[in-house]
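Worksheet: the structure to be examined is printed underneath.
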2 protein chains.
Amino acid sequence: MATADTKSQILDTAERLFAQKGFDAVSLRNIVTVAKVNLAAVHYHFGSKQSLLHTVVARRLRPINEERLAGLAEAQTKAGKRPVKLERVLECLFLPLFRVQADPKVGPAFSRLIGRVLFDRNADLQKFMMSELAEVIPQFSAALDAALPGLPKEETDWRSHFMAGAMAHTLCNADLLVRFTGTDADASDYESTVRRLIDFTAAGFRAKVSPPPKKARAKQTPRKK
Amino acid sequence: MATADTKSQILDTAERLFAQKGFDAVSLRNIVTVAKVNLAAVHYHFGSKQSLLHTVVARRLRPINEERLAGLAEAQTKAGKRPVKLERVLECLFLPLFRVQADPKVGPAFSRLIGRVLFDRNADLQKFMMSELAEVIPQFSAALDAALPGLPKEETDWRSHFMAGAMAHTLCNADLLVRFTGTDADASDYESTVRRLIDFTAAGFRAKVSPPPKKARAKQTPRKK
DNA sequence: GCCTGTTTCAAACGTTTGTTTGAATTTAAT
DNA sequence: ATTAAATTCAAACAAACGTTTGAAACAGGC
């Protein structure tokens, strides 16, 4: 059993199984059985189950984040002194991530895994993800602020969060969605998905801010009882 | 140890721990240790760990769904022959669910749990949730279609999905969000959250539909290499 | 107080888990 | 071919898991 195969087998299998069932529900024995490698190889190559997860995530997410940042930098160069248009910012954020699905060797597994991971409140995982996103978050946050000059920072942050939820949920359910909505399935699906997601989130970012509901509360109080 | 206490202790503790760490990462021994009850009580009262989760979810979600449906029915009565306004549909969907957070005995636990559960692709859990939402989904789907008469059904479905993602993510991170965005914390927080979520999602639903990216693909192909 | 049904209890069951260990095998460099 | 390092292997370790069991305790009705 060649070593390059062993590591890749473990990584690819872990990616699929973690995506399918979640980190806690997948045992190392499950992974090595499917990958046809030895149980001790996991610790030899990756040190621990937790580190395996980090490696599975980082091996694809890092290049994706580099691509995101490069795309944004290019867009900013093109825009000169003006801010980058909101749709372009969102495209730079979403496309590299969704494009992974088009790789026939990966399919929906990595997307699903990232969607899950983005949702996970486990402290170690969050710490790890924050470090992986340490450049992406501030740069895209600044680009969003610039693209939405009239929107208070607080609102931008809330809407960024809604956007992240929509994105993560879509990552998790990409295959299901296609079947559920009757969309035609071909290699450009992720592009249609991204376009739709941009339409939705860009409009959400640009939505007029409603007044706080505190004023309306006097009217609603009787109905609450 | 009175029996009413035992069941409630288990349910409340399970709710908190499942919300915090996820179903698979919380053992029954973890729950009974925190709840100060006996391990066998779980099987006596609930039959299995899986059933415990269902009970934890259903005990709050059922009244929430009834409230959702009642609110929608009332709005439809008021609207007469016209469709219910989009914002009102979304309000009927979100408010009952977010309002649970305002109960001091519950806090963010149930919201977080529901957010997690809505994201979970586990087959048993999905089946359970589909049955719990068996009336909500078709009725709200129809109300959304009626509120958005010019939007193709396929687009409404995609946008409903984005909306669900934004909602679930917000449920999972309600407490974090408040801290992260510097929003003032008081009893009406969930109402502000819901208002913001409605602003974002309503605008997303009403967004103009972009042309499919296939036409633009010829232009993008060189840049992909 | 007695009887019956309900609930709790501690121990056990059979299985599974992530991690470790030391030997065997393979690989790479000279 | 030899040596050293890297990798794989099977077994073991200590702990943990959901579930089951039969006895003890409790609660309610008569």
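As the structure is a prediction and not an experimental result, all values here were calculated from the model. Side chains included, hydrogens not; waters and symmetry mates left out as well; all remaining heavy atoms used. So that the names make sense, note that chain A is the first sequence line, chain B the second, and so on, each numbered from 1.
No hydrogens or angles considered: a donor-acceptor pair under 3.5 Å links the side chains of N65(A) and R68(A). There is a side-chain donor-acceptor pair under 3.5 Å between S141(B) and K153(B).
If you measure from atom OH of Y44(A) to atom P of dA23(C), you get 17 Å, rounded to the nearest angstrom. Put simply, CG on L39(A) is 8 Å from C1' on dG18(C), counting in whole angstrom units. The distance between atom CD of Q50(A) and atom C1' of dT19(C), rounded to the nearest whole Å, is 14 Å. The NZ atom of K36(A) sits 17 Å away from the C1' atom of dT8(D) (whole-angstrom rounding). Taking atom CZ of F46(A) as the reference point, atom C1' of dT8(D) lies 14 Å away to the nearest angstrom.
At dT7(D), none of the side-chain N or O atoms of T6(A) fall inside 4.0 Å of OP1 or OP2 (strictly under the cut-off).
Which of dA10(D), dT7(C), dG18(C) sits closest to the side chain of K49(A) comes down to dG18(C). For N38(B), counting side-chain heavy atoms from C-beta on, the closest listed nucleotide (dA10(C), dT7(C), dC9(D)) is dA10(C). Here dT19(C) is the nucleotide among dC9(D), dC9(C), dT19(C) with the atom lying nearest to any side-chain atom of H43(A).
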Decide salt bridge (Lys or Arg N to Asp or Glu O under 4.0 Å) for D24(A) and K49(A); before the verdict, give the C-alpha distance in whole Å, the side-chain angles of both, and the deciding distance to 0.1 Å. CA-CA 10 Å; D24(A) 292 313; K49(A) 188 184 176 188; 5.4 Å; no
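No side-chain heavy atom of L118(A) sits less than 4.5 Å from a side-chain heavy atom of H169(B). Side chains of H161(A) and F200(B) form no contact here, defined as non-hydrogen atoms less than 4.5 Å apart.
Within the structure, the side-chain hydrogen bond (donor to acceptor under 3.5 Å, both in side chains) test picks out the following pairs touching residues 100-109 of chain B (sequence neighbours left out): Q101(B)-S111(B).
DNA chain C lies under 4.0 Å from at least one heavy atom of each of the following residues of residues 21-32 of chain A: V26(A), S27(A), L28(A), R29(A).
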